[in-house]
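Below: the structure, in structure tokens.
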Amino acid sequence: MSGLLEVAGVSKRFGGVSALNDVSLEVAEAEAVGLIGPNGAGKTTLFDCVSGVTVPDRGDVFFGGRRLGRAPIYKRARLGMGRTFQRLELFAGLTVREHLEVSERERRADGRLWKDLLGRGGIRLEESERVDETLKELGLESVAGSPIEALSLGQGRLVELGRALIREPSLLLLDEPSSGLDSRETAALASVLNELRARRPISVLLVEHDLELVHAVAERVVVLDFGRVVSSGPLAAVLQEPAVQEAYLGATL
Amino acid sequence: MTEFLSFATPGLPYGCVFALLGIGLVLTYQTSGVFNLAFGAQAYASALVFYECVAHGWPKPAAFVVSVVVLAPVLGLLMDRGLYRFVRTKPVLVKLVAALGMLIAIPAVFEIVFPAGNLYSPPSLFLSPSVVYFHIVGDPINGIELSTVVLTLLVVLLLSVMFHFTQIGLRMRAMAESPRMVELAGVDADSVGMASWMLSSLLAGLAGVMLAPVFGDLQALNFTTLLVAAIAAAAAGSLSSLPYTFLGGLLLGIVGELLSGYLPSGQVLSSGLRPGLPFVVLLLLLLFLPGLRRRWTKVNDPLAGVDPPPAPLVSASRDRSLRRRSRIGAGALVALFVVSSLTWVSPSWVFNLSQALALAIIFLSLVLLTGMSGQISLCQATFAGVGAFTAGQLAAHFNVSVLAGIVVAAVVAGAIGALVALPALRLGGLALALATLAFGLLADNIGFQYSWSGNGQSGISIPRPSLGPINFSDGRAYFCLIVVILAICILVVSAIRRGTTGRQLAALRGSELAAASIGINPTRAKVLVFSVSAAIAGVGGAVYGSLELGASANDFNTLLSLVFVVVVATVGVYTVDGAVGAGLAYVVLNVALSGNLTLRWSNLLEVIFGLGAVVYALHPEGAVEYVKRLTLERFTRRGIETEVLA
């Protein structure tokens with residue numbers, strides 16, 4: 001089984017702090033992996049190394065067999081990585097619809113300046129149809145025309161998800177998608193993700209504190225603590241391991 | 001070695017001057033988050049008042065108390081209450097425009113109050129400039145030099161102590177990060193902001209009075225030029241470290257003197273390089289100092305998200321019938337304007353209107369760059385100059401028709417724009433503004449001085465274009481051509497706004513990280529729009545130069561770039577009608593004021609536009625958009641009333 005995403009011996013230091021220490025993990029095609037661990041374990045740093053926000057000091061990230069090296073964020077996105085953000089990163093001033101339209105145009109990669117100048121840069125019919133489809137999948141039709149600022153946090157997360165999905169990524173990186181959501185919204189998010197994965201094969205790497213969501217979505221988890229992989233495997237089994245319990249509950253227990 | 005030292009020593013006081021102003025910049029940036037480009041103007045105000053007091057026979061200590069101890073903090077207080085407290089939580093762009101407005105308005109206000117004309121040999125504060133106190137390797141050290149060095153050291157020491165060991169210093173530093181967080185922590189942000197503006201203004205006043213004798217005469221321009229060296233010094237300190245700023249300033253002064261000592265004299269490059277050195281250094285620092293990038297991209301107030309979103313453009317809020325009516329109205333207005341210019345309007349006013357529309361093309365470049373892409377350029381006049389000189393030189397040397405010249409001008413200006421933007425854009429907002437400022441001043445001092453470009457103050461001639469049988473030397477004919485060119489540029493800008501690039505820019509404005517995460521290349525989009533913007537400015541410059549039948553380096557100097565930004569921001573930076581309105585307002589006000597005012601009041605235009613920046617800080621949408629919103633609201637209300645009645 002060759003992985004779609006391979007993280008090979010990645011280390012990253014910030015000043016004197018070692019955030020990641022020789023971390024390796026793999027996400028196979030159409031597999032959903034949960035990345036868990038206590039705060040400060042290095043989950044976000046690993047995420048940043050994968051999506052291109054930072055470059056690891058040592059080690060490599062491979063995606064679809066290609067070494068990513070120092071490739072910037074947008075190139076990784078074009079290769080098929082989509083991501084959401086823990087602290088919402090939405091396009092202020094744009095409507096929900098426009099968020100998806102921008103992303104759909106990027107998927108098609110045919111927005112050239114000269115086309116704009118010839119007046120051929122407007123939204124095309126087939127683009128508009130795909131946007132409608134995605135809005136429906138995520139249940140966002142009723143707020144399609146609303147400015148992004150008028151949305152609740154839960155809806156904002158869905159817009160981020162839609163913006164990533166409409167590009168049809170082969171790997172979806174979700175950074176604590178449940179933070180700030182209530183249990184009902186989290187459950188709804190889980191079912192949206194599962195429906196989606198039932199429809200098309202898509203790999204997911206999920207950073208999450210809410211173990212229920214991880215349980216509902218991920219087939220396998222990787223546990224990080226102090227920048228090292230402590231354990232990996234199915235969630236129920238992993239949670240029984242002493243090393244994992246120590247990481248979560250402290251050595252004294 | 002002795003030669004080296006004797007070249008280097010005179011650089012020391014210059015270096016201290018740079019350092020002192022640089023420290024003032026760091027102080028304001030650290031305490032208010034505003035990169036205070038008006039710092040030099042504040043220094044000039046105190047220096048001017050000091051000069052006037054002494055000239056009227058006041059004793060120096062009394063003059064010092066009035067001009068520095070009283071006036072400077074009061075000026076700081078006024079600026080804080082009237083302007084800066086409103087922009088405290090606003091984005092970098094708004095803060096920068098506010099400071100630019102002050103840079104333009106303050107000297108103008110003071111020159112209206114003290115209309116003295118040329119002021120030679122400003123008096124020194126305490127040590128006499130003509131007394132040599134001692135020698136260093138043969139270089140005489142006079143009173144000004146000595147007192148500058150002593151004062152600078154003292155200021156560095158006092159401020160460092162204040163920043164690191166006092167309560168108020170800590171609060172001021174916190175303010176720069178997030179005024180709202182400071183308030184949440186129970187500190188009265190307003191009074192801290194007020195105190196820091198008064199303190200930095202005091203420093204500006206002190207520096208102004210101290211430094212005035214360094215120059216032979218007292219002019220606002222001297223202080224503005226000094227400011228770039230100060231910016232370079234502040235950049236060396238990463239906008240945060242006072243000791244490094246001090247060192248940076250010092251080195252800059254010394255290297256400048258060394259260059260003038262060793263370089264052959266008499267060539268444009270060597271005569272331009274010494275005044276140009278701060279700009280070169282600033283550009284290099286911006287490009288290669290990694291610490292700067294971190295500091296300058298970290299401009300996000302963690303509480304920025306609590307702001308309500310800006311209102312959408314008025315044009316987006318109109319319903320269909322209103323949109324149709326407003327389109328018909330606008331079309332009729334334009335037709336009326338063009339027809340009257342071709343028939344009953346006097347030739348001199350046709351010329352004025354042509355000027356306004358040529359400027360509108362240049363202003364349009366700012367609508368594209370600033371309004372749509374959120375970037376700020378302080379060298380649009382320079383790009384306009386590149387365009388004008390390209391068209392002129394092509395016509396003179398290669399007999400190229402001016403119409404073709406305008407096209408080439410667009411290409412050349414666009415290419416230079418891309419070259420400027422490519423390295424600077426990675427740094428983001430403020431750094432781009434400063435890099436363009438440095439580039440503009442470099443062009444003023446060196447680029448436009450050569451005979452193959454702008455030919456310095458004497459300038460070059462640029463003929464009117466002709467197309468087959470039509471010769472545009474007639475004023476009305478050329479007016480028509482300008483209308484056509486402006487219309488093409490407007491079409492270009494609105495096509496970009498509606499197209500992919502416009503949407504990419506909107507996304508980038510919202511969140512650069514998220515935009516990259518869906519595959520948008522931020523650098524490419526920004527360089528592209530910067531280049532197109534420079535090209536449009538180039539077209540505007542060429543059209544303007546041809547209208548005037550010639551242009552010199554002075555017609556496109558960087559001070560003008562600053563005025564442009566303020567004017568467009570005031571009138572409306574988000575829509576194309578804002579650019580046209582800005583062109584008309586600029587020329588009409590200029591003609592109305594210069595025709596009817598005495599020399600003393602000729603600065604009124606600058607005051608008006610400078611104060612326009614205050615309006616901008618309160619209503620960033622600009623005057624045109626504001627009026628449109630009022631009209632829309634009146635129409636909608638009437639509509640609702642009719643509905644209710646029915």
Side-chain angles (χ1 to χ4, degrees), chain A residues 48 51-53 72-85 87-95 98-124 127 147-150 159-160 162-167 169 173 175, chain B residues 91 294 300 302-313 316-317 368 371-372 374 414 418 426 488-489 491-529 531-532 535-536 574:
Chain A
D48 286 347
S51 63
V53 177
I73 305 172
Y74 72 91
K75 282 205 177 134
R76 295 176 194 225
R78 289 176 187 177
L79 288 174
M81 275 189 198
R83 75 167 287 185
T84 66
F85 300 86
R87 243 179 73 180
L88 283 189
E89 290 279 347
L90 292 162
F91 303 141
L94 266 59
T95 64
E98 284 167 333
H99 275 72
L100 301 187
E101 284 169 353
V102 174
S103 192
E104 167 67 8
R105 177 59 56 85
E106 288 309 312
R107 182 182 73 90
R108 288 167 184 269
D110 66 348
R112 295 275 173 270
L113 186 63
W114 63 266
K115 284 192 180 165
D116 291 347
L117 294 182
L118 294 179
R120 293 172 54 191
I123 302 294
R124 294 189 266 279
E127 288 178 337
I148 207 72
E149 289 84 359
V159 173
E160 278 202 342
R163 184 179 62 191
L165 284 177
I166 202 167
R167 275 201 65 110
L173 302 163
D175 195 355
Chain B
R294 231 175 309 126
N300 276 340
L303 287 181
V306 301
D307 281 328
L313 289 181
S317 328
L368 177 65
M372 279 168 58
R426 306 203 330 263
I488 294 173
C489 292
L491 285 178
V492 165
V493 171
S494 21
I496 291 178
R497 185 201 293 277
R498 278 198 304 269
T500 314
T501 314
R503 282 197 296 276
Q504 286 179 337
L505 293 175
L508 283 168
R509 255 197 339 247
S511 162
E512 196 161 319
L513 183 60
S517 84
I518 56 169
I520 295 173
N521 179 348
T523 315
R524 182 178 172 278
K526 287 183 177 176
V527 170
L528 201 64
V529 74
S531 169
V532 173
I536 293 177
Y574 294 104

Is it the case that B:Arg524 places NZ or CZ above or below the six-membered ring of A:Tyr74, under 6.0 angstrom from the centre and within 45 degrees of the axis?
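Negative - B:Arg524 is either too far from the ring of A:Tyr74 or too far off its axis.
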Could you grab the distance from atom OG1 of B:Thr501 to atom CG of A:Leu117, nearest 0.5 Å is fine?
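Spacing of OG1 (B:Thr501) from CG (A:Leu117) equals 7.5 Å.
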Counting heavy-atom pairs under 4.5 Å with chain A, which one of B:Ser494, B:Ala507, B:Ala495, B:Gly499 comes out on top?
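Heavy-atom pairs under 4.5 Å are most numerous for B:Ala507.
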Among B:Leu508, B:Leu528, B:Leu491, which residue forms the greatest number of heavy-atom pairs with chain A at distances under 4.5 Å?
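The residue among B:Leu508, B:Leu528, B:Leu491 with the greatest pair count is B:Leu528.
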Checking [X] against chain B: side chain, backbone, both or neither under 4.5 Å from a heavy atom?
X: A:Leu113; answer: both
X: A:Arg167; answer: side chain
X: A:Ser51; answer: neither

Heavy atoms only, distances under 4.5 angstrom: which of A:Gly52, A:Ala92, A:Pro72 has the most pairs with chain B? Name it, please.
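Of A:Gly52, A:Ala92, A:Pro72, A:Ala92 has the most heavy-atom pairs under 4.5 Å with chain B.
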Does a salt bridge link A:Arg108 with A:Glu104, judged by any charged N lying under 4.0 Å from a carboxylate O?
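Yes, A:Arg108 and A:Glu104 are salt-bridged.
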Close side-chain approach of [X] and [Y], heavy atoms under 4.5 Å:
X: B:Asn521; Y: A:Arg78; result: yes
X: A:Arg87; Y: B:Leu513; result: no
X: A:Glu106; Y: B:Gln504; result: yes

Heavy-atom cut-off 4.5 Å, strictly under: side chain, backbone, both or neither for [X] against chain A?
X: B:Ile520; value: both
X: B:Arg498; value: backbone
X: B:Val493; value: neither

